[in-house]
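These values consider heavy atoms only, across backbone and side chains, with no hydrogens, waters or symmetry-generated copies.
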Amino acid sequence: MTTPQRSSLRLVLLRRVSTAGQLDGYGLDAQESDCRKWGRKVSGTAAVGGATVRIVRVCTDGGITGKASDDERPGLHEALELIAAGEADGILAPNLDRVARELTVQEATLSVVWAHGGRIFTVDHGEHLPDDDDDPMRTFVRQVMGAAAQLERGIIAKRLRNGRKTKAAKGGYATGAPAYGQRAVDKELQPHDQEAEVIARMRQWQAEGVSIRGIADRLNAEGTPTKRGARWHPTTVNRLLNPEARQAARDQSNRVRAAEREETKRRRADRMLSRLT
């Protein structure tokens, strides 16, 4: 593919931070600063065909996971639209991880940019050239590096999850809202005296033969709120008093979330591919 030479190379600066925050401390300002420094450094050099790098727009995805597809990320979506409309010649990002963290989304984004005749540059690599049938190693190296980075992130995430699970199994506070009857103080679980008294009354009523629905009705009648300040429902009472029901509800919730993740992946792939047709 021959890239038209311009005296000015119009690039969209793309930056991103995730919902969970940046463990590496690489924030939006630092990303933009690195990109602008790179642009000044390579302007007029062979790395950009002798053109002057000009940042025409800064597109930001703040607080959005890198696994999201382009239409779930307004910054990336805007950048792709500018390239498709001929208002920009390409994208400049600190690294491909900031373009998209998941390899499949990353590859789809590159394909969209190239399909519109655009170019993509990263501070840590320079230009990522389009796939070439005569140079299969180009595609192989990029995808292997992307897969390795995704594997490393997955291993780190798994270690964090395992650490939280181990802590929770030992009775410690891992993450999320504490259960009814407990509260988090300095990242440690402690009894919530007022809620513990409510649980004790619930267990007493249950021992007296009061039904689950009857317990919920009594709590609502006396104006006792749930953890979130809502009214009590029989299912909420049942999960609190019966460990089997609580585990069944947790298992069902995990199955629903897993199905939702798979469906989201399919929708992302369909939307990204539709931009090529």
Walk me through whether Tyr26 and Val17 qualify under side chain to side chain contact (heavy atoms under 4.5 Å, CB included).
CA-CA 8 Å; Tyr26 198 24; Val17 291; over 6 Å; no
Would you say [X] and [Y] make side-chain contact, with heavy atoms under 4.5 Å?
X      : Y      : answer
Ile91  : Phe121 : no
Arg73  : His77  : no
Asp97  : Arg16  : yes
Ile83  : Val113 : yes
Arg36  : Leu13  : yes
Glu107 : Arg142 : yes
Trp232 : Ile215 : no
Arg138 : Leu129 : yes

Under 3.5 Å, is there a donor-acceptor pair linking the side chains of Thr122 and Asn95?
no
Grab the two heavy atoms, one from [X] and one from [Y], that are nearest each other, plus how far apart they are.
X      : Y      : value
Cys59  : Ala79  : SG-N, 4.0 Å
Cys35  : Leu92  : O-CD2, 3.5 Å
Leu240 : Ile199 : CD2-CG1, 4.1 Å
Pro225 : Tyr180 : O-OH, 3.9 Å
Thr109 : Leu80  : CG2-CD2, 4.4 Å

Tracing side-chain links under 4.5 Å among I, L, V, M, F, W and Y, which residues wind up in one group with [X]?
X      : result
Leu82  : Val12, Val56
Ile155 : Leu151
Val144 : Met137, Phe140, Val141, Met145

Check whether more than 12 heavy atoms from other residues, nucleotides or ligands sit under 6.0 Å from atom CD of Glu152, and answer yes or no.
no
Could you tell me whether a side-chain N or O of Gln31 sits under 3.5 Å from a main-chain N or O of Arg15, the two making a donor and an acceptor?
no
Between Asn220 and Ala216 (side chain of the first, backbone of the second, donor and acceptor by atom type, cut-off under 3.5 Å), is there such a pair?
yes
Distance, nearest 0.5 Å, that separates [atom1] of [X] from [atom2] of [Y]:
X      : Y      : atom1 : atom2 : answer
His233 : Arg239 : NE2   : CZ    : 10.0 Å
Asp131 : Leu110 : CG    : CG    : 8.0 Å
Arg213 : Arg218 : CZ    : CZ    : 15.0 Å
Arg57  : Ile55  : CZ    : CD1   : 12.5 Å

Could you tell me which residues satisfy ring-ring contact (aromatic ring centres under 6.0 Å, His included) with His128, sequence neighbours excluded, listed by chain and number?
His125
Does the side chain to side chain contact (heavy atoms under 4.5 Å, CB included) test come out yes or no for Asn242 and Gln206, once each step is laid out?
CA-CA 11 Å; Asn242 300 321; Gln206 186 182 37; 3.5 Å; yes
Can you get from Leu103 to Leu76 by hopping between Ile, Leu, Val, Met, Phe, Trp and Tyr side chains that sit under 4.5 Å apart?
no
Stepwise side chain to side chain contact (heavy atoms under 4.5 Å, CB included) test for Leu9 and Arg54:
CA-CA 6 Å; Leu9 181 62; Arg54 182 161 62 92; over 6 Å; no
Could you go through Glu195 and Arg183, starting from their C-alpha distance and side-chain angles, then the distance that decides it, and tell me whether this counts as salt bridge (charged side-chain N to carboxylate O under 4.0 Å, His left out)?
CA-CA 10 Å; Glu195 292 178 355; Arg183 60 177 179 168; over 6 Å; no
Would you mind checking if Asp61 and Arg98 are paired as a salt bridge, meaning a charged N to carboxylate O distance below 4.0 Å?
no
Decide, yes or no, whether a salt bridge links Glu87 with Arg10 under the criterion of side-chain N to carboxylate O below 4.0 Å.
no
Report all side-chain donor-acceptor pairs from residues 39-48 shorter than 3.5 Å, counting only partners two or more places apart or in another chain.
| from | atom 1 | to | atom 2 | distance (Å) |
| --- | --- | --- | --- | --- |
| Ser43 | OG | Gly39 | O | 2.7 |
| Ser43 | OG | Val53 | N | 3.0 |
| Thr45 | OG1 | Val42 | O | 2.6 |
| Thr45 | OG1 | Ala47 | N | 3.4 |

Glu222: side chain to side chain contact (heavy atoms under 4.5 Å, CB included) partners, not counting sequence neighbours
Arg201, Trp205, Leu219, Thr224
